[in-house]
Amino acid sequence: MPVTALVSAKSCGVTTAALACTLASKRPSLLAECDPAGGTIRAGFLQGEVGAGFGLYHLAAAERTGPDALAQAFASHLWPMDEAGHRKVLPGLTDPAQAAALGRTWPALSDVLHVLAEEAGYDVFIDAGRLALESGHLHPVLTPAPLLHQADLALLVVRGTEQSLTLARHVIDPLRTELAERGSGSDALGLLLIEDGPYRAHQVAEALKTPVLAGLPFDPPTAGYFTTGGRPPRGYARSPLLRHARTATEQLEAAASRRQIQQQYPACGTNPQIAGVLQRLTEKGGTRG
Ligand SMILES: Nc1ncnc2c1ncn2[C@@H]1O[C@H](COP(=O)(O)OP(=O)(O)O)[C@@H](O)[C@H]1O
Ligand SMILES: [Mg+2]
C-alpha cells in the first residue's frame, strides 16, 4: 500500500483530510502526524486522551540509540483509533520547538513507514503540515523534508478557491523541482482538492499544471468532528466526507500503483497505448469534479 504525504501552502484541511482517509480506508491504516509546527489531533480529535509522554517526539531519542530502538519505540507510540486497532495514529509534537530534534529522525522514520506499508499492507498517511521553503528548497526544520522526498505520493492539499490557488501557485513548482532533484521523482506530486469554492478539479489541475488525484467534499459537520472530537455527528458513517475519503484512498492507491508500474516499465510512460491500458486497469472510480 502507498505512503502518502499531505502538505499545504497554507492551512486548508491537511489534518482533516489525513484523518478522514485514515479512518475511511478499507485496509489497516496509520496516520503519522509529522507537522513540525505541532500536532492538533491530540488536543482535538483525541480530546487530550493521550499524554505528552507519548508520540512522535519520543522517537528522536530512540533513533539516537539505533534503528531497532526506533522501530520498537515507533510501535509502542501508536495510538489506536478504533477498538480493533486497525486504525492507528502517531500523535504529533506538543511544541514546535521540538521539531529541531527530529531532523535526523525523519529518514529512519520514513524507512519504518515504508516497511509498514510494503510488508504489512498498511495505508500510511503523513500529515506534513504546511510547506516552508528556504532558497527554493524545503526547509530542513520547518518541513519533514525526507518524508516528502520518499513518499509514494506527495499531495498538495488545495481548496477550489482563489485564495488557495493563489498561494499554491507559488509553492507547486519548487515542490515539483524538489521531488525531482532530491526525492523519488516529480511524478510523485499530485493534488488533493477540498471541494470548497468555485473551481472544479479540471480547472485546478490546469491552473497548477498538476493532476488532481482525489477530491474531498466540503462537509463542515464531519470536518468539525475530526477537528474537535467528541460525539460523531448524525449519519457520520454515511457522511459525504467519510464516503468520499474511502473513494479517495482507492484512487490514491491506484495512482501509486500506476506510478510504480511506470517506474518498473518506463515504456508505459512514452507509449500512449500502453499508458491507456494501464490507466484503465488501475482506475478505480475516477476523480470527482
Ligand atoms: N473537507 C472539509 N470540509 C469542511 N471543513 C473543513 C474540511 N477540511 C477542513 N475543514 C476545516 O478547516 C479548518 C482547518 O482544517 P485542518 O485540517 O486543521 O487544516 P490544516 O491541517 O491544513 O491546518 C478546520 O476548522 C476544519 O474543520
Ligand atoms: Mg494541521
Side-chain angles (χ1 to χ4, degrees), residues 4-24 31-48 50 55-57 81 89-96 98-99 102 125-132 142-144 147-148 154-161 163-168 170-172 175 191-201 204 212-236 238-249 251-252 287-289:
T4 304
L6 294 88
V7 74
S8 72
K10 185 172 180 180
S11 173
C12 67
V14 169
T15 303
T16 303
L19 260 173
C21 289
T22 307
L23 292 168
L31 168 52
E33 197 187 14
C34 299
D35 181 345
T40 54
I41 294 176
R42 192 190 299 260
F45 185 65
L46 298 177
Q47 297 211 308
V50 183
L56 174 65
Y57 180 58
M81 292 197 287
V89 59
L90 173 66
L93 302 180
T94 49
D95 176 352
Q98 295 168 335
L102 283 150
F125 297 94
I126 299 168
D127 179 342
R130 187 178 72 82
L131 272 183
L142 301 180
T143 66
L147 297 182
L148 285 154
L155 298 184
L156 185 67
V157 181
V158 291
R159 294 194 180 199
T161 61
Q163 298 92 314
S164 185
L165 294 188
T166 301
L167 292 174
H170 293 286
V171 298
I172 196 93
L175 180 56
L191 301 172
L192 175 63
L193 175 64
I194 310 296
E195 293 160 353
D196 172 27
Y199 294 103
R200 308 289 298 266
V204 171
V212 174
L213 298 183
L216 292 177
F218 191 67
D219 176 357
T222 315
Y225 168 60
F226 291 147
T227 303
T228 56
R231 278 167 68 91
R234 265 173 76 98
Y236 163 71
R238 295 217 31 84
S239 63
L241 185 51
L242 202 65
R243 280 191 292 119
H244 288 292
R246 180 160 308 184
T247 309
T249 61
Q251 290 168 332
L252 296 175
T287 302
R288 284 153 44 84

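Just follow the structure's listing: the first ligand is 1, and inside any ligand the first atom is 1. Just so it is clear, the values below take in all heavy atoms, side chains as well, and ignore hydrogens, waters and symmetry mates.
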Exercise. Do any of the N, O or S atoms of T15 sit under 2.8 Å from the Mg ion (ligand 2)?
Worked result: yes

For this session: Could you tell me whether ligand 1 has any atom less than 4.0 Å away from a heavy atom of H244?
Result: no

Exercise. Counting both backbone and side chain atoms, is some N or O of F218 under 3.5 Å from an N or O of ligand 1?
Worked result: no

Exercise. Using heavy atoms and a threshold below 4.0 Å, how should the contact between A20 and ligand 1 be classified: side chain, backbone, both, or neither?
Worked result: neither

Exercise. At the 4.0 Å heavy-atom cut-off, does I194 count as touching ligand 1?
Worked result: yes

For this session: Compare P217, G13, G44 and give the one whose heavy atom is closest to atom 1 (N) of ligand 1.
Result: P217

For this session: Have a look at L19 and tell me which of I41, T227, D127, V89 forms a side-chain contact (heavy atoms from CB on, under 4.5 Å) with it.
Result: I41

For this session: Give a yes or no on whether the backbone of G235 and the side-chain of S239 come within a donor-acceptor separation of less than 3.5 Å.
Result: no

For this session: Please confirm whether D219 comes within less than 3.5 Å of ligand 1 when only nitrogen or oxygen atoms on both sides are compared.
Result: yes

Seminar exercise, completed: Residue, atom and distance of the protein heavy atom nearest atom 14 (C) of ligand 1 read S11 OG, 4.1 Å

Seminar exercise, completed: Smallest heavy-atom separation, A9 atom then V171 atom, equals CB-CG2, 3.8 Å

For this session: List the atom of P221, the atom of P233, and the distance in Å for their closest heavy-atom pair.
Result: O-CG, 3.8 Å

Problem set entry | atom 11 (C) of ligand 1 [closest protein heavy-atom partner, distance rounded to 0.1 Å] | R159 NH2, 3.8 Å

Exercise. What residue among L252, T4, L155 forms side-chain contact (heavy atoms from CB on, under 4.5 Å) with L192?
Worked result: L155

Exercise. Hey, does T22 have a side-chain heavy atom less than 4.5 Å from the side chain of T249?
Worked result: no

Exercise. Heavy atom under 4.0 Å from ligand 1: found in T15's side chain, backbone, both, or neither?
Worked result: both

For this session: Please work out whether any backbone atom (N, CA, C, O) or any side-chain heavy atom from C-beta onward of A17 is under 4.0 Å from ligand 1, and answer side chain, backbone, both or neither.
Result: neither

Problem set entry | R159 side chain to E195 backbone, donor-acceptor under 3.5 Å | no

For this session: Go through ligand 1 atom by atom and flag the ones less than 4.0 Å from a non-hydrogen atom of P220.
Result: 4 (C)

Problem set entry | Which atom of C34 lies closest to which atom of L56, heavy atoms considered | CA-CD2, 3.9 Å

Exercise. Looking only at distance, does L241 have an N or O less than 3.5 Å from an N or O of ligand 1?
Worked result: no

Exercise. What residue and heavy atom of the protein are closest to atom 7 (C) of ligand 1, and at what distance?
Worked result: A223 CB, 3.5 Å

Problem set entry | For atom 17 (O) of ligand 1, closest protein heavy-atom neighbour | T16 OG1, 2.6 Å

Seminar exercise, completed: For A223 and L241 the tightest heavy-atom approach is N-CD2, 3.8 Å

For this session: With atom 24 (C) of ligand 1 as the reference point, say which of D127, L19, T227, L6 has the nearest heavy atom.
Result: T227

Exercise. Considering all heavy atoms of both residues, which atom of L6 and which atom of A17 are nearest to each other, and what is their separation?
Worked result: CD2-CB, 4.0 Å

Exercise. Less than 3.5 Å between some nitrogen or oxygen of V14 and one of ligand 1, yes or no?
Worked result: yes

Exercise. Is the shortest heavy-atom distance from the side chain of D219 to the side chain of Y225 under 4.5 Å?
Worked result: no

